[in-house]
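Take a look at the structure set out below.
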Protein chains: 2
Amino acid sequence: MLSERNRKVLCAVVQSYINKPDPVGSRFVTKKYAFNLSPATIRNIMADLEEMGFLSQPHTSAGRIPTDKGYRFYVDSLCREKPTVDAKFSNILKSKLESIKSDIYTLLKEATETLAAMSHYLVFAVPLKTDSTTLNRIQLFRYRNKQTVAVLLTNEGLVRSKMLDTNFGLSQKDLNRISDYLNSEFSGCTIDEIRSALIKQMSKEKALCDILISKAIAICKEALFFPSTDLIVSGFSELIGLPDFSGRIKEIAKAIEDKHTILKLLDRLSASTDGVKVVIGSENPMEELKKLSIVMATYKQGDRSLGSVGVIGPTRMDYSKTIPMVELTAKSISAVISR
Amino acid sequence: MLSERNRKVLCAVVQSYINKPDPVGSRFVTKKYAFNLSPATIRNIMADLEEMGFLSQPHTSAGRIPTDKGYRFYVDSLCREKPTVDAKFSNILKSKLESIKSDIYTLLKEATETLAAMSHYLVFAVPLKTDSTTLNRIQLFRYRNKQTVAVLLTNEGLVRSKMLDTNFGLSQKDLNRISDYLNSEFSGCTIDEIRSALIKQMSKEKALCDILISKAIAICKEALFFPSTDLIVSGFSELIGLPDFSGRIKEIAKAIEDKHTILKLLDRLSASTDGVKVVIGSENPMEELKKLSIVMATYKQGDRSLGSVGVIGPTRMDYSKTIPMVELTAKSISAVISR
DNA sequence: TTTTAGCACTCTAACCGTTAGAGTGCTAAA
DNA sequence: TTTAGCACTCTAACGGTTAGAGTGCTAAAA
């Protein structure tokens, strides 16, 4: 579809614009990227590329800047090359994650902070999807009069606690029995499985003679309704400092603060195939994020994918550097939680 | 120190500037604030106020803007008046907090979000200071080979969990015994008390015959070292949208992202007297926050102050609206956790 | 047929002088 | 003590000009 020469010119323009957000002129391309062609020829090529929708002109006599389609082409053609990971980043990440032996939350936080500092973009991580989280243990505690604390422990290293309103008085002994029952029944199941199992049990409930079990189910149902996924975010200020958003900062800040939007998007994305995914500008289904690009990857335990890490930056993101970084981060997280 | 008339002029300038960040001229003051004085007289007064350091001029022939000293005077003179709380805010806050029966974290998050949305500034909350948090219960769980999960439950409704590396194998039975021991020993003590008690016990350790207890102490010591206080933050985007920081946004974003700075500051502040505290611009000891003002108040359980809520905004903050809002928020939180 | 040189054209950003308007300080009168 | 009047100053906005960068087109060269 695109001749080799056209491809090279397009990539040159994209790279130059990523490096510095000024429209790229034909003369500049010949000089900086040493084609054996004159500016005039480059102009012809660029005019062709513009016609095909890969480049655009801010105004009649300015250089060209890449369109989202241009970035897309660039990113796709990147995949053919061997990705080179920044050795410094690789080392730092390794040393940071190696020492962590606590829960997955701390692990992800450390990873996102490192990635944010080195990539200079905003970094997010989704801890765990409930549909793949399996219960290790659940324990209930009596807390004051009519409140119960449920502590959930998953096999992936997630600890969740929730305070429940139990308007029927239960002694700690009762709670222990309930906990034991829940553990024997549901240990090893995914949270989603437990939820649906509970709904089934609820209908059978009347047939049950043990009143404790029916109480157990009521409690458990509430306990499992924690906000399914939190979003860990680092490097907000990196994004804000970029010249790309000088005007629109407030909208972007709002979109990111409202983590809901991003979570919904990630949900859609992570459903698709494996490996690193890149969403560029207008490809983004959410209106608020159409000026941003996302690079994300999922991390796994064994071969079950649990959650995702990724980077949000301007469409003018340095994809060639960022993509391998995100990939490495996801792999490193996978390695730690699988050991 | 200041005549009644001068006081009124100063307050008029401050109010006008808070309302709209344009230098305030003498003519404008006479018109808008209906003194029975000519602009010329106001000019004289304003010149006096400038000499005294309450106002300043951006350039020779512009109006005046308040200095930090000017804001300080304004805030101090506000205290004499009856604070009027926005009825709408009062209602919304009440309805939001009333329905919450879960832990203190959720409570504070809801409160900060409401306050951020209504005040249009950034809102923070410090959940609990360890020196005033008392232990309700601690429970240890075996998790995989050599890891233990410690769940801490305080009397204030805080639930904390931490994964510990226990390189000596312990059965769940052992862990239960340890938990029982810790509960019987330390239930009701503040976290700080427990910490110092542990250090004492450590020295006696050799004399102890029960090896489990020494293990318990080792575990407990680690479990209690959670990051002493988290910071809950809402309304980042509100602050970013203000015209006051058009250039310096990145620095401010960084200062706030690095929650450590703010926590340190709040620690200093909350040590001082009761009631609402206001720190204006350059009064701020931290370099990064010298362009910002802080309004904060502590919330209490009974008469023990537990943590704080507050607002961070530009020095040009609407103090007369914000101060009573913060006060009400703190009081509402106190009411909920004390019931 | 493809590439290149040359030229006319266009658009922007920067510069400059001018001006209108807002605001001040000072002085003399009320 | 207050006010009116006046001269002065500073800024922001406007408009015209210019330099420079970059394009598109055409005709010649490869």
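Protein chains get the first letters and strands the later ones, always in sequence-line order, with residue 1 at the start of each.
- Rounded to an integer number of Å, the gap from NZ of Lys32(A) to P of dG22(D) is 13 Å.
- In this structure, Gln57(B) places its CD atom 8 Å from C1' of dG23(C), rounding to the nearest Å.
- Put simply, CD1 on Ile45(A) is 11 Å from C1' on dT2(C), counting in whole angstrom units.
- As judged by a 4.0 angstrom heavy-atom cut-off over every strand, Thr41(B) is placed among the base-contacting residues.
- Within the 4.0 angstrom heavy-atom criterion, no nucleotide atom of any strand lies near Asp22(A).
- Using a 4.0 Å heavy-atom distance criterion, Ala62(B) is classed as a sugar-phosphate-only contact.
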Handout entry: Watson-Crick and G-U pairing of DNA chain D written in dot-bracket, each distance under 3.5 angstrom, with | for inter-strand partners
Key = ||||||||||||||||||||||||||||||
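- Position along DNA chain C of the nearest nucleotide to Pro39(B) versus Arg5(A) favours Arg5(A) as the more 5'-ward residue.
- For the ring pair (Phe, Tyr, Trp, His ring centres under 6.0 Å) condition, the pairs that include at least one residue of residues 49-83 of chain A, sequence neighbours left out, are Phe54(A)-Phe73(A).
- Of the N and O atoms on the side chains of Ser293(B) and Tyr319(B), at least one donor lies less than 3.5 Å from an acceptor on the other residue.
- For Ser16(B) (side chain) and Ala12(B) (main-chain N/O), no donor-acceptor pair under 3.5 Å exists by modelled atom type.
- OP1 and OP2 of dT27(C) both lie 4.0 Å or more from every side-chain N or O belonging to Arg43(B).
- Here the P atom of nucleotide dG20(D) and the CZ atom of Phe28(A) are 19 Å apart, to the nearest Å.
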